[in-house]
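The block underneath contains the structure these notes are about, expressed in C-alpha cells.
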Amino acid sequence: MAASRIEDAQAALSAEFITTRDDPRRAVAACPGAPACASGSTPVPEDAARLAEAFRPFAARGLKAHVSGCAKGCAHPARADLTLVGHEGRYGFVLSGSPGDPPAAHLTFETVLERVRSPEFTSLAEAFQPETVRTPT
C-alpha cells in the first residue's frame, strides 16, 4: 500500500514539477508571457510545456529551446537551438539564435508543433528550412 501511495505522489508531483533528469522541460526556457507580461502576446508557459514534450527527441540529443513572449528574451537572452518569439499571437522562429535576432518566419504554435513532431525531419534545420516553411495567412 505504501508503494502505491508513493507512486501516486510522484505522478502528481511530476505533472507540475521536474522530478527526473530526462524530463524534456529541462531543455526549454520560458518566460511568463501573456497575460502576465504586458510585452507578451502568446501564452508562453502553456506553449512551452507542450513544446517540451514534442521536443523530447531533440532534448535527448542535448538541444535547447526557448519560448519567449517577446523579443526582449528575459527568461533566456542567450542563444538556443530553437528560439520562438511571440509576435501578434504567433511565433517567429530563430534557429541557433536569441530572441532579439530577426525571425525567419512567423508561424502559429500548432504549425511549430507539427514541424517539431514530424518524423520526416531529423534536425531542426530540416524542420524549419525556409523553403519548406510557409507563413499562414
Identify the two heavy atoms, one from [X] and one from [Y], that lie closest to each other, and give their separation to 0.1 Å.
X: A30; Y: A48; value: CB-CB, 3.6 Å
X: G73; Y: P99; value: CA-CG, 3.5 Å
X: A52; Y: P24; value: O-CB, 3.1 Å
X: A34; Y: G40; value: CB-O, 3.4 Å
X: L63; Y: A27; value: O-CB, 3.6 Å
X: F121; Y: A127; value: CG-CA, 3.5 Å

Side chain to side chain donor-acceptor pair (under 3.5 Å) involving [X] - partner list, sequence neighbours excluded:
X: E110; value: R50
X: D47; value: Y91
X: E53; value: R56

message = Is there a continuous path of hydrophobic side-chain contacts, each under 4.5 Å between heavy atoms, that joins L82 to V85?
response = no
request  = Answer yes if F128 and V94 sit in the same cluster of Ile, Leu, Val, Met, Phe, Trp and Tyr residues linked by side chain heavy atoms under 4.5 Å apart, and no otherwise.
outcome  = no
note = Rounding to 0.5 Å, atoms NZ (K64) and CZ (F55) come to a distance of 9.0 Å
query = Can you tell me how far the CG atom of L51 sits from the CZ atom of R117, to the nearest 0.5 Å?
reply = 9.0 Å
inquiry  = For residues 67-83, which residue pairs pass the side chain to side chain donor-acceptor pair (under 3.5 Å) check, not counting sequence neighbours?
reply    = S39-K72
task = Could you note down all residue pairs passing ring pair (Phe, Tyr, Trp, His ring centres under 6.0 Å) where residues 23-46 supplies at least one of them, sequence neighbours left out?
result = none
request  = For residues 26-46, pull every pair meeting ring pair (Phe, Tyr, Trp, His ring centres under 6.0 Å), keeping only residues two or more places apart or in separate chains.
outcome  = none
query = Under 3.5 Å, is there a donor-acceptor pair between the S118 and E114 side chains?
reply = no
key: Min side-chain heavy-atom separation F58-L124 under 4.5 Å   = yes
Main-chain N/O of [Y] paired to [X] side chain as donor or acceptor, under 3.5 Å:
X: R26; Y: R21; result: yes
X: R90; Y: L107; result: no
X: D101; Y: S98; result: yes

